[in-house]
Q: 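Below you will find the structure I want to go over with you.
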Amino acid sequence: MTRPIPILLDGDPGHDDAMAWMLARSSPLLEIRGVTSVCGNQTIEKTTYNAQRVMTLLGIDAPLAKGRPRPLAGEPMAAPSVHGASGLDGPVLPEPAVFPVDLPACALMAKVLEESGVPVPLWPTG
């Protein structure tokens with residue numbers, strides 16, 4: 001078997017991201033080296049909390065870092081009509097057993113890249 005491809009997941013976990021992360025976690029071809037949250041379908045606080053719950057549910061053992069509270073350009077646009085008020089309404093998810101590290105998302109990405117002996121692609125799902 002070949003070595004798994006290391007990846008960094010980056011998203012605003014709603015239902016679509018949760019499914020993508022589940023597929024990434026279940027693949028023996030991928031190794032999740034880090035996870036970062038972004039504001040998107042909800043506020044950064046809600047998407048980070050959802051990332052924590054999804055990572056806990058899926059058993060993703062990687063550092064998590066919170067991203068920026070707003071896009072680089074423009075205003076944040078939450079979409080409660082798509083994923084609900086929480087950004088991930090519907091499924092009952094466990095309370096987090098994973099907590100953000102004390103680094104911003106870009107610093108965690110840089111750390112993972114610096115510590116890796118091979119390229120680590122960014123997989124944005126948000």
Side-chain angles (χ1 to χ4, degrees):
M1 183 171 148
T2 61
R3 292 184 62 156
I5 299 166
I7 62 170
L8 280 162
L9 292 175
D10 178 65
D12 62 342
H15 304 98
D16 50 348
D17 292 51
M19 294 299 293
W21 292 13
M22 179 186 65
L23 292 171
R25 170 66 175 91
S26 67
S27 175
L29 301 176
L30 301 175
E31 177 189 357
I32 301 168
R33 296 262 180 105
V35 178
T36 54
S37 61
V38 297
C39 67
N41 64 57
Q42 262 304 339
T43 65
I44 190 63
E45 290 77 18
K46 289 181 181 181
T47 61
T48 302
Y49 178 66
N50 290 340
Q52 292 174 260
R53 296 187 313 150
V54 170
M55 290 176 71
T56 299
L57 176 69
L58 299 177
I60 296 175
D61 183 22
L64 165 67
K66 184 180 355 178
R68 294 173 39 87
R70 56 184 297 121
L72 291 173
E75 295 299 318
M77 292 183 0
S81 63
V82 178
H83 296 284
S86 73
L88 193 53
D89 283 4
V92 176
L93 297 174
E95 285 302 310
V98 174
F99 299 93
V101 297
D102 193 22
L103 291 171
C106 59
L108 176 62
M109 290 176 185
K111 182 178 187 299
V112 169
L113 293 172
E114 289 170 355
E115 293 175 353
S116 179
V118 297
V120 181
L122 177 63
W123 282 35
T125 58

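This one's a predicted model, so the numbers in the text were calculated from it and none came from an experiment.
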Q: Check the hydrophobic clustering (I, L, V, M, F, W, Y; side-chain heavy atoms under 4.5 Å; chains of links allowed) and say if L30 and M22 are grouped together.
A: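 Linked, L30 and M22 end up in one cluster.
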
Q: Quick one: does H15's side chain have a donor or acceptor within less than 3.5 Å of a partner on H83's backbone?
A: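 It does not hold such a pair.
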
Q: Over all heavy atoms of both residues, which pair between V101 and A65 is shortest? Give the atoms and the distance, please.
A: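 Looking at all heavy atoms of both residues, the closest pair is CG2-CB, 4.1 Å.
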
Q: Between K46 and A85 (side chain of the first, backbone of the second, donor and acceptor by atom type, cut-off under 3.5 Å), is there such a pair?
A: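 Checking the backbone N and O of A85 against the side chain of K46, a donor-acceptor pair under 3.5 Å is found.
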
Q: Looking at every heavy atom in both R25 and G59, which two are closest together, and how far apart are they?
A: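 R25 and G59 have their closest heavy atoms at NE-O, 3.2 Å.
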
Q: Could you tell me if the side chain of P71 sits less than 4.5 Å from the side chain of P76, heavy atoms only?
A: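 A side-chain contact under 4.5 Å exists here.
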
Q: Can you tell me how far the NZ atom of K111 sits from the CD atom of E114, to the nearest 0.5 Å?
A: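 CD of E114 is found 9.0 Å from NZ of K111.
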
Q: Side-chain heavy atoms under 4.5 angstrom apart, residues restricted to Ile, Leu, Val, Met, Phe, Trp, Tyr: same cluster for V35 and I5?
A: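 Yes; I5 is reachable from V35 via cluster members.
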
Q: Just so I know, are the side chains of P104 and R68 near enough to count as touching, which here means a heavy-atom distance under 4.5 Å?
A: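 With C-beta onward as the side chain, the pair stays apart.
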
Q: Between D10 and L122, is there a donor-acceptor pair closer than 3.5 Å when you use the side chain of the first and the backbone of the second?
A: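 No; zero donor-acceptor contacts below 3.5 Å.
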
Q: Ignoring hydrogens and angles, tell me if any N or O in the side chain of T47 forms a donor-acceptor pair with the backbone of V38 under 3.5 Å.
A: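 Yes, because the side chain of T47 sits within donor-acceptor range (under 3.5 Å) of the backbone of V38.
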
Q: Could you measure the distance from the OG1 atom of T36 to the CG atom of L64? Nearest 0.5 Å is fine.
A: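 It is 8.0 Å, given to the nearest 0.5 Å.
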
Q: Can you tell me how far the CG atom of D17 sits from the CG atom of N50, to the nearest 0.5 Å?
A: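 D17 CG to N50 CG: 9.5 Å, rounded to 0.5 Å.
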
Q: Between the side chain of Q42 and the main-chain N/O of A78, is any donor-acceptor distance below 3.5 Å?
A: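 No; judged by distance alone, with no hydrogens or angles, the pair does not exist.
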
Q: Measuring from atom CD of E75 to atom CE of M77, what distance do you get when rounded to the nearest 0.5 angstrom?
A: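 The CE atom of M77 is 10.5 Å from CD of E75, to the nearest 0.5 Å.
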
Q: Less than 4.5 Å apart, side chain to side chain, heavy atoms only: is that true for V82 and N41?
A: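 Contact flag for V82/N41 side chains = no.
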
Q: Looking at S116 and L113, would you say the former's side chain and the latter's main chain have a donor-acceptor pair under 3.5 Å?
A: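 No, the answer is negative, given that no donor and acceptor are paired below the 3.5 Å cut-off.
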
Q: Any chance you could measure R70, atom CZ, to I44, atom CD1, to the nearest 0.5 Å?
A: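 Here the rounded value is 12.5 Å.
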
Q: Is any side-chain heavy atom of L88 closer than 4.5 Å to one of L93?
A: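 The answer is yes; the side chains approach within 4.5 Å.
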
Q: Which atom pair, heavy atoms only, marks the closest approach of W21 to P13?
A: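 Scanning both residues completely, I find the closest heavy atoms to be CH2-CG, 3.4 Å.
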
Q: Determine yes or no for a side-chain-to-main-chain donor-acceptor pair under 3.5 angstrom, with T48 supplying the side chain and E45 the backbone.
A: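 Between the backbone of E45 and the side chain of T48 there is no qualifying donor-acceptor contact (under 3.5 Å).
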
Q: Tell me whether S86 contacts the main-chain N or O of D89 through its side chain, where contact means a donor paired with an acceptor under 3.5 Å.
A: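 Present.
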
Q: With rounding to the nearest 0.5 Å, note down the distance linking CD1 in I7 to CH2 in W123.
A: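 One gets 5.0 Å once the value is rounded to the nearest 0.5 Å.
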
Q: Below 4.5 Å, heavy atoms only, C-beta onward: do K66 and Y49 meet side chain to side chain?
A: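 Contact flag for K66/Y49 side chains = no.
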
Q: Hey, any chance M19 and I60 share a hydrophobic cluster, counting ILVMFWY side chains that come within less than 4.5 Å of each other, even indirectly?
A: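 Same cluster.
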
Q: For P119 versus P121, what's the shortest heavy-atom pair and its separation?
A: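 Shortest heavy-atom separation between P119 and P121 comes out as O-CD, 3.7 Å.
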
Q: Is there a path of hydrophobic side-chain contacts, each under 4.5 Å between heavy atoms of I/L/V/M/F/W/Y residues, joining L9 to L108?
A: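 The answer is no; the residues belong to distinct hydrophobic clusters.
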
Q: Specify the closest pair of heavy atoms between P28 and P4, including all atoms of both residues, with the distance to one decimal.
A: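 Closest approach of P28 to P4: O-CB, 3.7 Å.
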
Q: Give the cluster check for L8 versus I32: same hydrophobic cluster or not, with ILVMFWY residues linked at side-chain heavy-atom distances below 4.5 Å.
A: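 No; I32 is not reachable from L8 via cluster members.
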
Q: Taking side-chain contact (heavy atoms from CB on, under 4.5 Å) as the criterion, tell me which of V54, D61, T56 meets it with L58.
A: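 The passing option is V54.
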
